[in-house]
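Remarks on the structure that follows.
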Amino acid sequence: MKKPSAAPVWVNVALLRVLSLCVITAFWEFLAFSDLYFAGAIPHVSAILWELLQALFSANLYSNLMVTGQEVGTGVLLGGTLGIVTGVTVGVSPFLYRAYGPLLYMFAAAPKIVYLPIMIMLLGSGVASKSGLGTLACYFPVALSVLSATLHMKPIYRHLALSMRLSAYQAATKVYIPATAPAIMNGLKLGIGLSIVSVLLGETKLSRAGIGFQLMQSYGRFNIAEMIALILLTFFIAIAINALLSRIELRLNGR
Amino acid sequence: MSEDAALSIRNLSKTFADSATTTVALQSVNFDVTRNELVSVIGPSGCGKSTLFNIISGLTGDYSGDVLIGGQPISGPHPDVGMVFQEDSTLPWRSALGNVTFALEVRGVPKKERVERARHFLDVVGLSGFEQHRPAELSGGMRQRVAIARALAFQPKIMLMDEPFAALDEQTRFTLGDKVLEIHRQLQQTILLVTHSITEAVQLSDRIVVMSPRPGRLKRIVTVDLPRPRSSDSMKSPAFSKFVSQIWDDVRDATAPVEALK
Amino acid sequence: MRPWATRLRAAVPPAFGALSLIAFLATVEMLLRVGVLNRFIVPFPSEAILSISRLFIDEHLAVRCIQTASKIVVAVVIIAVVGIPIGTALHTWVIARRAYYSWFAGLASAPLVILYPLFLVLLGRGTGAIVLMAGIAGLTPVVLKTIEGLQSTPVGLVKLGKTMQLSNFGLFSKILLPAALPAIFSGLRIGLIYCTTNIIALEFLIDFDGVGQLINLLSYRYDLPGTYAAIAFAILVCATILLATDGAERWVKRTL
């Protein structure tokens with residue numbers, strides 16, 4: 001008798017994923033129905049989905065998304081540009097690397113949210129301070145990634161730049177930056193993620209607009225379902241951006 | 001110094017020193033490369049060939065003696081010198097055409113002209129039809145041809161080649177050697193080639209500078225009077241084998257005294 | 001060149017970097033003193049530096065360091081105890097790895113720390129919420145690195161174990177796990193750094209206790225020198241942990 005053929009692997013993987021989501025959802029619903037937490041602390045999945053739907057059709061969400069997007073965008077643009085310039089400048093010179101590399105690593109180590117009081121004092125409690133935080137958050141991963149890539153760049157590129165008598169600007173823009181493009185993308189991926197986190201946390205702490213502010217408003221009104229819906233939406237956006245950047249990174253690595 | 005000398009090396013010496021040791025890489029090296037000549041520098045490992053290349057190309061300083069190009073001492077990479085390195089130096093983010101135009105771009109050549117010249121030199125090296133290919137899509141030999149085209153594109157007075165075929169298989173080396181001979185003949189290009197391959201040196205050169213091992217000194221200059229035009233087929237001739245044998249004896253005999261220049 | 005001269009020469013670039021920082025602070029000090037910079041926005045660097053001793057005496061900085069450090073230790077224990085078994089399980093069960101690896105990789109890039117309001121709701125404003133949040137953030141690198149370490153065990157060693165008739169557990173404990181230790185340690189190091197930064201950030205946000213809370217407290221009091229000093233101290237703490245774990249990782253890689 002012929003043995004029945006096993007299901008393809010991808011089917012089993014998909015089934016396992018669906019099963020896991022069902023178990024997690026069922027567990028969540030069990031907690032929502034139980035008396036383990038006070039009423040409203042664990043909203044039903046249907047309530048979360050309803051809040052998500054309402055939020056997606058509300059102008060409030062989009063105006064807050066615009067504010068957060070503006071803060072993150074400014075931070076990434078400024079932080080990314082400064083990070084690339086720093087990384088190439090310090091990485092290309094062994095002296096500068098040994099002088100400033102340790103300082104860069106030291107300042108990169110701390111969570112950027114702790115700089116929020118400084119940002120507020122310098123830039124106020126509005127959009128600018130969160131953009132400043134986003135700038136710092138994006139700057140360090142980009143600078144360190146580009147620094148490392150420039151340092152370990154194939155020596156032949158340096159020789160080529162020297163032999164062609166390129167000016168520092170020409171060498172940086174035509175050789176070093178293109179050569180370190182995968183590292184720039186890797187640094188930006190990390191930097192954008194950290195920028196989003198820092199901006200959101202800054203908004204939760206002190207803000208009048210933005211997704212983080214909207215989140216804290218939900219928390220303040222004890223509308224936990226709305227709060228979770230906003231958190232899920234933020235996760236989805238962050239993961240989507242990361243996935244897009246990973247694709248670009250793969251293409252750059254494959255050249 | 002001969003009046004026709006495109007490149008003159010005068011009493012060139014170079015020492016490397018660190019905390020523990022001092023190494024004399026080159027000692028009192030003297031020779032000229034005449035215009036339109038193809039000269040090879042050959043020697044055993046550690047004879048200072050690469051150091052010599054780096055000094056002439058302006059990538060290494062802190063030496064004693066003189067390096068003169070067109071009668072003028074150099075003070076860094078010279079604008080009239082084109083270089084081809086041993087390692088793959090093609091820029092992976094540019095096409096073959098983009099790699100060649102790069103050399104012209106940095107010299108401020110207008111776009112239309114640099115594309116035309118790049119296409120011409122890609123044709124010279126036999127890469128017509130591959131202009132839009134990226135280096136990753138080309139073989140090792142083809143990438144070196146792109147590097148040669150790039151070095152030729154701005155019509156340098158001298159081409160310096162540092163073991164350009166070392167990383168390639170033997171068949172590709174022979175093919176590229178024929179290509180270099182063609183370039184030399186067609187363009188009357190002055191070339192200084194650093195190599196560890198004796199057959200390559202004899203196949204390509206008008207003269208061969210034989211270096212002795214550390215400290216790198218000029219042991220002998222051999223004039224290769226094989227008839228031109230040459231090709232890889234020239235290797236079949238008895239005269240070719242005689243030159244190879246002679247130079248092998250020189251290179252192998254590490255303790256032979258330095259002879260008078262020929 | 002003599003060894004002492006070589007060492008002296010090697011010290012020049014880091015000394016140059018340190019002097020640059022001092023020169024920057026000195027410039028800020030001077031600009032504040034002449035009134036170019038506003039001292040109600042930026043404190044005198046000298047005052048900020050001198051405030052550090054005040055933080056130890058008046059603000060019990062040493063106690064706060066212990067509070068932060070104890071949270072970090074608990075969080076790291078959690079990520080080790082939970083993360084390594086999860087990574088091992090995913091390595092062992094191929095279907096599970098294929099199903100969940102990308103989820104963990106995705107979680108690594110997700111802004112997990114913004115879940116903190118939810119944890120405040122569920123666990124209240126306290127140490128538990130902070131530690132658990134930091135643990136979740138630090139878990140993914142441990143899981144991913146454990147999988148990576150176990151998967152990259154040289155095939156020859158696995159064959160050796162099988163020819164010696166080792167049981168599955170024996171193979172795991174005597175071959176796979178030791179071979180994976182450098183990668184697992186690397187994951188724990190990254191996890192520790194994530195835990196540290198998240199804990200300090202959450203202490204700042206939730207205003208509970210520890211080093212992070214001190215920054216919050218001093219900024220509310222508008223104690224500018226104190227705030228800057230506390231921030232500098234937090235940076236030093238994180239940098240010290242990074243340096244110490246870097247050295248430890250290199251030692252592990254050399255030894256194992």
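First the proteins, then the strands, lettered A, B, ... as listed; each starts at 1.
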>> Please enumerate all residues that pass side-chain contact (heavy atoms from CB on, under 4.5 Å) together with D162(B), with sequence neighbours excluded.
In response: S50(B), F53(B), V194(B)
> Has Y62(A) got more than 12 heavy atoms of other residues, nucleotides or ligands less than 6.0 Å from its OH?
Replying inline: yes
> For chain B, which residues from residues 139-165 of chain A lie under 4.5 Å away (heavy-atom distances)?
Replying inline: K154(A), I156(A), Y157(A), H159(A), L160(A), L162(A), S163(A), M164(A), R165(A)
>> I need the residue from P79(B), S89(B), A103(B) with the largest number of non-hydrogen atom pairs under 4.5 Å to chain A.
In response: P79(B)
> Nearest 0.5 Å, what's the CH2-NZ distance between W93(B) and K174(A)?
Replying inline: 11.5 Å
> For T90(B), is it the side chain, the backbone, both, or neither that has a heavy atom closer than 4.5 Å to a heavy atom of chain A?
Replying inline: backbone
> chain B contacts: which residues in residues 238-246 of chain A have a non-hydrogen atom closer than 4.5 Å to it?
Replying inline: none
> Are more than 12 heavy atoms from other residues, nucleotides or ligands located less than 6.0 Å from atom CD of Q186(B)?
Replying inline: yes
>> Looking at K157(B), I'd like to know if its NZ atom is crowded, meaning that more than 12 non-hydrogen atoms belonging to other residues, nucleotides or ligands lie closer than 6.0 Å.
In response: no
>> Using a 4.5 Å heavy-atom cutoff, which residues in residues 85-109 of chain A come close to chain B?
In response: none
